[in-house]
Amino acid sequence: MRIDIISAQPKLLESPFSHSILKRAQDKGIVEIMVHDLRDYSINNQQQIDDYAFGGGAGMVLRIEPIAKCMDKLLAERTYDAVIYMTPDGETLNQSTSNQMSMFENILILCGHYKGVDQRVRDKYITHEISIGDYVLTGGELGAAVLVDSILRLIPGVINDETSALTDSFQDNLLAPPVYTRPAEYDGMKVPDILISGHLKKIEEWRFEQSIERTKERRPDIYEKYKGEIS
Ligand code: ADE
């Protein structure tokens with residue numbers, strides 16, 4: 001997979017991709033992540049990339065020309081399965097979207113900033129608009145890092161334990177059950193007996209029941225989807 005990210009604040013994206021699992025995925029050649037600094041495509045020597053909004057109002061808007069220059073260059077080099085704009089008014093990210101995108105070959109992500117981007121960028125280039133939740137961030141970079149993380153961990157070879165991503169919360173519209181590790185007792189708090197019984201089938205059943213209970217209690221909306229799926 002190849003992921004290109006266009007950003008006015010590329011340094012914000014350095015850390016998430018240069019450590020741990022996402023770094024290893026790149027080192028293994030499973031994914032190539034390229035971050036493009038929008039200022040390299042600015043319209044003048046002052047490295048201008050934004051401007052005042054027509055009609056007035058507070059906040060600067062990213063101009064179309066630098067984005068178009070960068071996007072046209074990338075689009076001429078390869079075909080993208082998705083050209084995504086990170087924005088709080090996009091569709092809220094969920095596991096199903098990440099699952100679908102984990103099968104894509106090339107993804108292009110544009111991070112918004114300031115008051116947003118000129119609407120003509122969205123009209124001309126964008127195929128998917130994604131929000132990571134109903135709150136407003138200072139820009140799309142952190143959202144892009146969340147999106148990329150959620151996609152990459154689903155690609156075989158990225159996480160060492162292959163079954164692990166499939167048993168995550170949300171994968172089958174159920175939240176994951178509680179997990180424990182050593183010590184078996186801490187400050188009077190014991191690990192449920194069943195988990196140290198060695199009874200694999202019973203452990204499996206217990207985990208499933210716990211998943212159901214947790215989902216019912218914490219996310220009744222998801223539980224309804226689960227019930228719809230099994231009926
Ligand atoms: N940019 C600003 N807020 C955002 C959000 N909630 N999701 C994605 N991109 C954003």
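In this text, all values refer to a predicted model and were calculated from it rather than measured experimentally. Ligands are counted one by one from 1 in listed order, and the atoms in each one are counted from 1 as well.
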Is a side-chain donor-acceptor pair under 3.5 Å present for [Y] with [X]?
X	Y	value
Ser96	Asn99	no
Ser42	Gln48	no
Asp4	Tyr80	yes

Worksheet item: Which protein residues have a heavy atom under 4.0 Å from ligand 1?
Response: Met86, Thr87, Pro88, Ile130, Ser131, Ile132, Gly133, Tyr135, Val136, Leu137, Gly139, Gly140
Worksheet, complete the sentence: For residues 87-108, the salt bridge (Lys or Arg N to Asp or Glu O under 4.0 Å) pairs (sequence neighbours left out) are Asp89-Arg122
Practice prompt. Could you check Gln100, Gln95, Met101 and say which one makes a side chain to side chain contact (heavy atoms under 4.5 Å, CB included) with Thr97?
Written response: Met101
Worksheet item: Any salt bridge between Asp27 and Lys23, counting N to O under 4.0 Å?
Response: yes
